[in-house]
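Notes follow the structure.
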Amino acid sequence: MFANLDRYKIVLASNSPRRKELMTGLGVDYVVKTLPDVDESYPDTLQGEEIPLFIAREKAAAYQSMIGPEELLITADTIVWHEGKALGKPVGRQDAIEMLRSLSGKSHQVITGVCLTTSEWQKCFAAVTDVRFATLDEDEIAYYVDRYQPMDKAGSYGVQEWIGFVGVESISGSYFNVMGLPVQKLYRELLKI
């Protein structure tokens with residue numbers, strides 16, 4: 001299917017098991033390369049999709065010196081955008097609980113920025129998915145946080161886990177984007193190369 005990519009070795013720069021699962025499901029042959037402690041900070045002036053796009057570019061820049069002429073690097077970052085602010089990964093149990101309280105009974109956006117980078121060019125894009133949560137009670141929130149430990153997830157939740165089953169009322173856009181990689185959009189961009 002991806003004969004146009006035959007000249008490239010695809011490199012996924014992510015430790016995320018969800019991104020690996022989605023890349024595998026896409027049917028792309030790839031390898032994983034990761035660097036420890038890639039900076040995921042961003043300027044306070046950025047809003048919405050600017051944030052994950054900035055971080056995906058910064059991740060690509062961290063790998064720039066390691067990209068061989070035959071490699072195509074994929075970097076990505078996902079945020080939850082809620083009430084004018086970004087919810088990243090929680091810093092502890094209480095932070096995770098507070099994030100889920102703020103999402104309870106409301107809508108938010110999940111935004112993923114993706115960069116495709118070679119030694120010669122870079123193409124970046126973002127995907128936005130609207131998600132509506134049901135009202136969650138304190139016991140449901142505590143149960144999820146304590147049982148699933150969502151400390152590595154933007155907005156403190158994984159849509160593919162228990163909280164997605166009981167808490168997500170509706171999704172408008174890519175479900176897979178909410179998991180962390182907009183594979184349909186990525187597929188279309190890879191076909192254009």
(request) Assess whether atom CZ of R101 is packed by more than 12 heavy atoms of other residues, nucleotides or ligands within 6.0 Å. (result) yes
(message) Would the distance check show the side chain of S104 and the main-chain N or O of L100 forming a donor-acceptor pair, the cut-off being under 3.5 Å?
(response) no
(message) With a 6.0 Å cut-off (strictly less than), is the heavy-atom count around NZ of K33, excluding the residue itself, greater than 12?
(response) yes
(request) Could you tell me which residues satisfy side chain to side chain donor-acceptor pair (under 3.5 Å) with D44, sequence neighbours excluded, listed by chain and number? (result) none
(request) Give a yes or no on whether the backbone of V110 and the side-chain of N177 come within a donor-acceptor separation of less than 3.5 Å. (result) yes
(message) Within the 4.5 Å heavy-atom criterion, are E21 and Q160 side-chain neighbours or not?
(response) no
(request) State, yes or no, whether a side-chain contact exists between P52 and T112 at a heavy-atom distance under 4.5 Å. (result) no
(request) State plainly whether the residues R93 and D146 are in salt-bridge range, i.e. N to O under 4.0 Å. (result) yes
(request) Quick one: sort the Y8 and W121 rings into parallel, tilted or perpendicular, breaks at 30° and 60°. (result) perpendicular
(message) Just verifying a value: how many Å separate Q149 CD and Y144 OH, rounded to the nearest 0.5 Å?
(response) 10.0 Å
(request) Show your reasoning for whether side chain to side chain contact (heavy atoms under 4.5 Å, CB included) applies to L190 and L72. (result) CA-CA 10 Å; L190 289 173; L72 171 61; 3.9 Å; yes
(request) Keeping the roles fixed (side chain from R19, backbone from G180), state whether a donor-acceptor pair exists under 3.5 Å. (result) yes
(request) To the nearest 0.5 Å, tell me how far R57 CZ sits from C124 SG. (result) 4.5 Å
(message) Testing the basics here: between A56 and G113, what is the closest heavy-atom pair and its distance to 0.1 Å?
(response) CB-O, 3.6 Å
(request) Could you list the residues that satisfy side chain to side chain donor-acceptor pair (under 3.5 Å) with S41, not counting sequence neighbours? (result) D39
(request) Compare all side-chain heavy atoms of M23 with those of K20 and state whether any distance is below 4.5 angstrom. (result) no
(message) Do I163 and L136 have side chains that approach each other closer than 4.5 Å (heavy atoms only, starting at C-beta)?
(response) yes
(message) For S102, is there any backbone N or O sitting under 3.5 Å from a side-chain donor or acceptor partner on H82?
(response) yes
(request) Taking the side chain as every heavy atom from C-beta outward, state whether L181 and R18 have any pair of such atoms under 4.5 Å apart. (result) no
(message) Would you say that E140 contacts W162 through its side chain, given a criterion of any heavy-atom pair below 4.5 Å between the two side chains?
(response) yes
(request) Step by step, work out the side chain to side chain contact (heavy atoms under 4.5 Å, CB included) result for L186 and F125. (result) CA-CA 9 Å; L186 175 59; F125 59 90; 4.2 Å; yes
(message) Taking the side chain as everything from C-beta on, heavy atoms only, tell me whether M99 gets closer than 4.5 Å to P90.
(response) yes
(request) Kindly give the cluster partners of V38, where membership spreads through any ILVMFWY side chain lying under 4.5 Å from a current member. (result) V11, V31, L35, Y63, M66, I67, L73
Contacts under 3.5 angstrom, residues 165-172 side chains, donor-acceptor by atom type, not counting sequence neighbours:
none

(message) Within a 6.0 Å radius of atom CG on D29, are there more than 12 heavy atoms belonging to other residues, nucleotides or ligands?
(response) no
(message) So, taking the atom named CD in E40 and the one named NZ in K59, what distance separates them when rounded to the nearest 0.5 Å?
(response) 4.0 Å
(request) Linking directly or through intermediates, with side-chain heavy atoms under 4.5 Å: list the remaining ILVMFWY members grouped with I111, chain and number order. (result) Y42, L46, I51, F54, I55, I79, W81, V128
(request) Apply ring-ring contact (aromatic ring centres under 6.0 Å, His included) to H108 and list each qualifying residue two or more places apart in sequence or on a separate chain. (result) F133, Y157
(message) According to a hydrophobic-cluster definition based on side-chain heavy atoms being under 4.5 Å apart (Ile, Leu, Val, Met, Phe, Trp, Tyr only), do L53 and L116 belong together?
(response) no
(request) Look at the side chain of T75 and the backbone N and O of A13, then say whether any donor-acceptor pair between them is shorter than 3.5 Å. (result) no
(request) Could you tell me whether the side chain of P182 reaches within less than 4.5 Å of the side chain of V114, counting heavy atoms only? (result) yes
(request) State the OG1-NZ distance between T78 and K89, to the nearest 0.5 angstrom. (result) 9.0 Å
(message) Closer than 3.5 angstrom, by distance alone: can the side chain of N4 be matched with the main-chain N or O of I193 as a donor-acceptor pair?
(response) yes
